[in-house]
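Each remark here refers to the structure printed beneath this line.
Fair warning: this is a prediction, and the values are worked out from it, not measured in the lab. Order of appearance sets the numbers: ligands from 1, and atoms from 1 within every ligand. Computed over heavy atoms, backbone and side chain alike; hydrogens, waters and symmetry mates excluded.
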Amino acid sequence: MSDVLRVLWTVVPRSAPQPWLNCNRCRAIRRFGSSGKIRVNANGKRLDAWLIYKCTCCDSTWNRPVLERRHVRTIDPLFLMSLRANDPELVRRLAFDSENLRRKAGLVEEFDDVVVRKEMLSESMTPARRLEILCAVPETTRLRVDRLLATELHLSRSRIRNLQNTGDLAVSSEGSRMLRTAVRDGMRVTINLAEAYDRDRIAMAARSSD
Ligand SMILES: [Zn+2]
């Protein structure tokens with residue numbers, strides 16, 4: 001049996017990105033949040049659709065364009081049905097598309113609050129001497145790698161940094177191996193637990209969400 005504990009962490013962001021826009025009623029730049037509602041408007045054969053945002057201070061609305069003057073025949077019927085039904089999955093996908101939001105709104109604030117679901121991929125013999133964490137991140141988050149590891153493994157951020165400095169912790173991810181960058185889909189973190197006095201506790205935290 002192997003001495004490696006492999007786990008999968010699915011990191012699901014809690015708060016969707018919010019644009020900062022000029023609010024006519026507040027007469028100030030305010031943060032707007034998604035209302036979760038889509039509006040579809042037909043004008044002959046042309047359709048417009050928007051995701052409705054509300055000012056977080058006064059509830060004034062801002063319509064985020066999803067479809068603009070699109071001919072109905074060029075729209076995927078299933079997509080149109082989801083728009084009309086206000087499908088929660090579609091709403092979530094649109095709300096978390098921060099790149100698109102930035103193109104429509106300019107200044108966008110992103111958040112780093114997440115829920116982490118933990119699954120075991122393969123068990124080690126006890127005690128585990130190596131921990132491998134594979135991260136699935138379906139939507140972008142600003143959460144930094146060091147904060148994710150510190151929170152979920154119940155370790156201090158300085159301990160995480162020390163582990164990396166001594167070569168006992170490695171992050172492999174497309175584009176970056178840095179602890180200070182945001183968590184990305186497909187990221188893999190490997191931690192050598194052989195010398196860690198509290199390795200049982202770390203292994204336990206890695207596999208369970210409590
Ligand atoms: Zn307002």
Side-chain angles (χ1 to χ4, degrees), residues 9-117 135-152 157 175-176 178-185 187 209:
W9 286 3
T10 304
V11 181
V12 183
R14 241 196 257 259
S15 305
Q18 296 185 328
W20 282 84
L21 300 160
N22 186 43
C23 174
N24 290 332
R25 202 183 299 170
C26 292
R27 294 176 186 278
I29 305 285
R30 296 284 196 226
R31 206 148 38 84
F32 280 65
S34 163
S35 70
K37 298 269 186 301
I38 293 171
R39 224 185 91 203
V40 181
N41 190 41
N43 195 336
K45 292 277 178 210
R46 305 254 162 200
L47 281 186
D48 285 289
W50 305 273
L51 179 60
I52 312 298
Y53 283 71
K54 285 186 174 175
C55 169
T56 50
C57 294
C58 76
D59 272 1
S60 273
T61 57
W62 171 65
N63 297 348
R64 173 182 170 185
V66 178
L67 293 178
E68 290 174 279
R69 303 261 156 234
R70 277 281 294 278
H71 197 283
V72 69
R73 237 181 290 149
T74 67
I75 306 167
D76 173 49
L78 272 180
F79 180 63
L80 185 55
M81 212 154 68
S82 304
L83 283 173
R84 288 209 155 111
N86 221 61
D87 174 52
E89 249 176 64
L90 175 64
V91 169
R92 185 175 166 93
R93 189 150 53 80
L94 293 170
F96 277 90
D97 187 347
S98 51
E99 243 171 71
N100 173 280
L101 180 60
R102 209 167 283 121
R103 281 199 296 273
K104 311 281 184 204
L107 185 59
V108 170
E109 185 170 347
E110 291 182 89
F111 302 93
D112 61 4
D113 52 337
V114 298
V115 181
V116 180
R117 286 199 303 266
C135 293
V137 189
E139 292 130 354
T140 56
T141 169
R142 275 180 62 90
L143 179 64
R144 283 163 42 153
V145 177
D146 54 354
R147 258 200 67 196
L148 171 74
L149 293 172
T151 308
E152 297 304 322
R157 271 197 265 178
S176 175
M178 305 284 288
L179 284 174
R180 277 171 302 156
T181 56
V183 177
R184 287 166 202 226
D185 191 41
M187 187 183 83
S209 299

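Residue pairs meeting the salt bridge (charged side-chain N to carboxylate O under 4.0 Å, His left out) criterion with at least one partner in residues 30-45, sequence neighbours excluded, are R31-E109. Sequence neighbours left out, the pairs with a member in residues 60-72 that pass salt bridge (charged side-chain N to carboxylate O under 4.0 Å, His left out) are D48-R69, E68-K104.
Shown here are the protein N/O/S atoms lying under 2.8 Å from the Zn ion (ligand 1), water excluded: C23 SG, C26 SG, C55 SG, C58 SG.
Residues V116 and T151 are not in side-chain contact: their nearest non-hydrogen atoms beyond the backbone lie 4.5 Å or more apart.
Across L83, T61, N41, L94, a single residue satisfies side-chain contact (heavy atoms from CB on, under 4.5 Å) together with W50, and that is N41.
At distances below 3.5 Å, not a single donor-acceptor pair connects side-chain atoms of D112 with backbone N or O atoms of L143.
Under the rule for a salt bridge (Lys or Arg N to Asp or Glu O under 4.0 Å), R93 has no partner lying at least two apart in sequence or in another chain.
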